[in-house]
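Report on one structure; see the data block that follows.
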Amino acid sequence: MDVRLGYVAMSVHVTNASPSKTMTAKQFTGIMDREAGLRKLERIAQENLRNCLRLLYHNRAYDITFFRLSSKLIPLVGHELTEGWEYRGHLEAEFRTLGDVAAKDGVRLDFHPDHFVVLNTPRKNVLQVSLDTLKHHIWMLKALGIQPNHRCVLHIGGAYKDKGKAIRQFIKNWELVPEEIKGSLLLENDDKVFTAKETLELCEALGVPMVLDIHHHRCNYEENEEEIEALLPRIIDTWKDSPLPVKMHISSPRSEKDRRSHADYVTPEDMFPFLRQVANYTDQLDMMVEAKKKDDALFRLMEWVNKQGEKEQIRSLNGASFRIH
DNA sequence: ACAGGTCAAGTCGTA
DNA sequence: TACGACTTGACCTGT
C-alpha cells in the first residue's frame, strides 16, 4: 500500500505564515466606516491566501502532496455584520493562483469546517447557518479550480441525549441539504459521541465516504463492538465511487491522563501496525497527521521510515510518501 | 518581549 | 435560563 502523509493548515517550519489571521467582530464594529472595515477584512484574507501559497511552496520543496486548508481563510465571512459583503471578486485571483500551484504539484486539498457546522441540529436557524457556511466552502473550492466532491469533512454532530434520535434527525435534515453540498461532504467518527461503527452505518445509508480517525476510535468505541479491522473493508468500500483515494486521520494521545488531546508528535507504534491492517484492504491511502507539531510531526515519521523502515518492510518513496508491505 | 485574558459561531453538564 | 468547559490560534492589554 502506498501512503501519502498530510498535515493541517499551518507549518511550524515556515514562520509568520499564518493562514488564519483575523479580526474580531468587536474590532470590526469599532471601525466607523463599514466599507473601510470590509476592505481591511479583504486585506487580511489576501494575506492569509498569500501565506497559504508560501506553505504550498514549502510543501513542494519537501514533496508533501496532501494538505488541509484552514477554514478561517476569510475572517468574519458569514457573520451577520458582513452580510452582503462582495468579497469574491477581491479574492478570486489569489484563490486561482493557489489552486494552480496545487494542481501543478498534484496536491490533494481539503477542508474541515469547524464544530459550529452541525447538520443534525434540531434548530432550523443553526442548520441554515451551517448550510451557508458549507456553500461558502464550495465557493472556495471552485475558486481554487477544484471539483467540490468529497472535500469537506464533518462530524455527525450532537447527541441531544438520544443518539438514535440524533441520527434520525441527521437523515431528516439531509433531505434539506442541496445536492451539491451533499456531494462535497465526508463524515468522520468523533472522540466523544458517534463511534466508528455508528458513523459507518450512517455513511452507508447516505452514500457518503467515511473518514476513519483512528485516534478518535481509540477514545470512543462501544465495549461490545467488533475490532476495527472487521469494519475496515466496509469503511474503505464507502470510497468506491469517489475519484479520491481513501482518507484517514491519525494522532497520538497527549498523555495518559489526557488521552483525547493531540500530542506534539505521532508515535510510530500508534500508526504503523494500524497501517498494516489497512493495507489488507486498499493499495492507496492518504493519511492526515493531526499533531501539534504539524509538518514537523510528518518529518519525524518519515525519519523513522528512513531509519527503521527497512526491517519493517516500509520503504520511503519520495518526500512524505512511503510504501508498506 | 512576554504573560494572561478574550473571542462569532454549538453542545453539554451543572446550577 | 444562564454560564463555564470544551478547544484553538490569534490578538489585545498590561507590564
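Model, not experiment: these values are computed from the prediction. A, B, ... follow the sequence lines: proteins, then strands. Residue 1 opens every chain.
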[N], OP1 or OP2 - any side-chain N/O from [X] closer than 4.0 Å?
X: Arg260(A); N: dC6(C); result: no
X: Lys21(A); N: dC11(C); result: yes
X: Gln27(A); N: dC12(C); result: yes
X: Thr133(A); N: dA9(B); result: no
X: Lys292(A); N: dT8(C); result: yes
X: Thr22(A); N: dA10(C); result: no
X: Tyr160(A); N: dC12(B); result: no

Could you check if a side-chain atom of [X] sits within less than 4.5 angstrom of a side-chain atom of [Y], using non-hydrogen atoms only?
X: Lys21(A); Y: Pro75(A); answer: no
X: Thr238(A); Y: Glu204(A); answer: yes
X: Gln169(A); Y: Tyr160(A); answer: no
X: Val193(A); Y: His155(A); answer: no

As a test of reading the structure: which of [options] is closest to the side chain of [X], going by heavy atoms?
X: His115(A); options: dA9(B), dG10(B), dA8(B); value: dG10(B)
X: Thr24(A); options: dG9(C), dT11(B), dA8(B); value: dA8(B)
X: Ala159(A); options: dG9(C), dA8(B), dC12(B); value: dC12(B)
X: Val126(A); options: dA8(B), dG9(C), dG10(B); value: dG10(B)
X: Val118(A); options: dT11(B), dA9(B), dA8(B); value: dT11(B)

What's [X] touching, base or sugar-phosphate or nothing? Going by heavy atoms closer than 4.0 Å.
X: Ser130(A); value: nothing
X: Val8(A); value: nothing
X: Leu81(A); value: nothing

Look only at the side chain of [X] and the backbone of [Y], and say whether a donor-acceptor pair between them is shorter than 3.5 Å.
X: His325(A); Y: Gln313(A); value: no
X: Asn48(A); Y: Leu73(A); value: yes
X: Ser70(A); Y: Lys72(A); value: yes

Length of the line joining [X]:[atom1] and [N]:[atom2], which is rounded to integer Å:
X: Lys72(A); N: dA9(B); atom1: NZ; atom2: P; answer: 13 Å
X: Leu127(A); N: dG10(B); atom1: CG; atom2: P; answer: 12 Å
X: Arg68(A); N: dT8(C); atom1: CZ; atom2: P; answer: 12 Å
X: Gln169(A); N: dT11(B); atom1: CD; atom2: P; answer: 11 Å
X: Lys40(A); N: dC11(C); atom1: NZ; atom2: C1'; answer: 11 Å
X: Asn120(A); N: dT11(B); atom1: CG; atom2: C1'; answer: 10 Å
X: Lys192(A); N: dC6(C); atom1: NZ; atom2: C1'; answer: 6 Å
X: His79(A); N: dC7(B); atom1: NE2; atom2: C1'; answer: 10 Å

Between [X] and [Y], does any side-chain N to carboxylate O distance fall below 4.0 Å?
X: Arg4(A); Y: Asp286(A); answer: yes
X: Arg88(A); Y: Glu92(A); answer: no
X: Lys163(A); Y: Glu201(A); answer: no

Whole-angstrom distance between [N] and [M], as gauged at atom [atom1]:
N: dA3(B); M: dC6(C); atom1: C1'; answer: 22 Å
N: dC11(C); M: dG10(B); atom1: P; answer: 22 Å
N: dA10(C); M: dT11(B); atom1: P; answer: 26 Å
N: dG5(B); M: dG4(C); atom1: C1'; answer: 15 Å
N: dT6(B); M: dC3(C); atom1: P; answer: 14 Å

Who does [N] pair with, Watson-Crick or G-U, both distances under 3.5 Å?
N: dA8(B); result: none
N: dT14(B); result: dA2(C)
N: dT8(C); result: none

#### Entry: Positions of residues 43-54 of chain A (non-hydrogen atom under 4.0 Å from DNA chain B), listed by number
none
### Task
Would you say whether Phe116(A) stacks on dA9(B)? The test is a distance between ring centres of less than 5.5 Å and an angle between planes of less than 30°.
yes
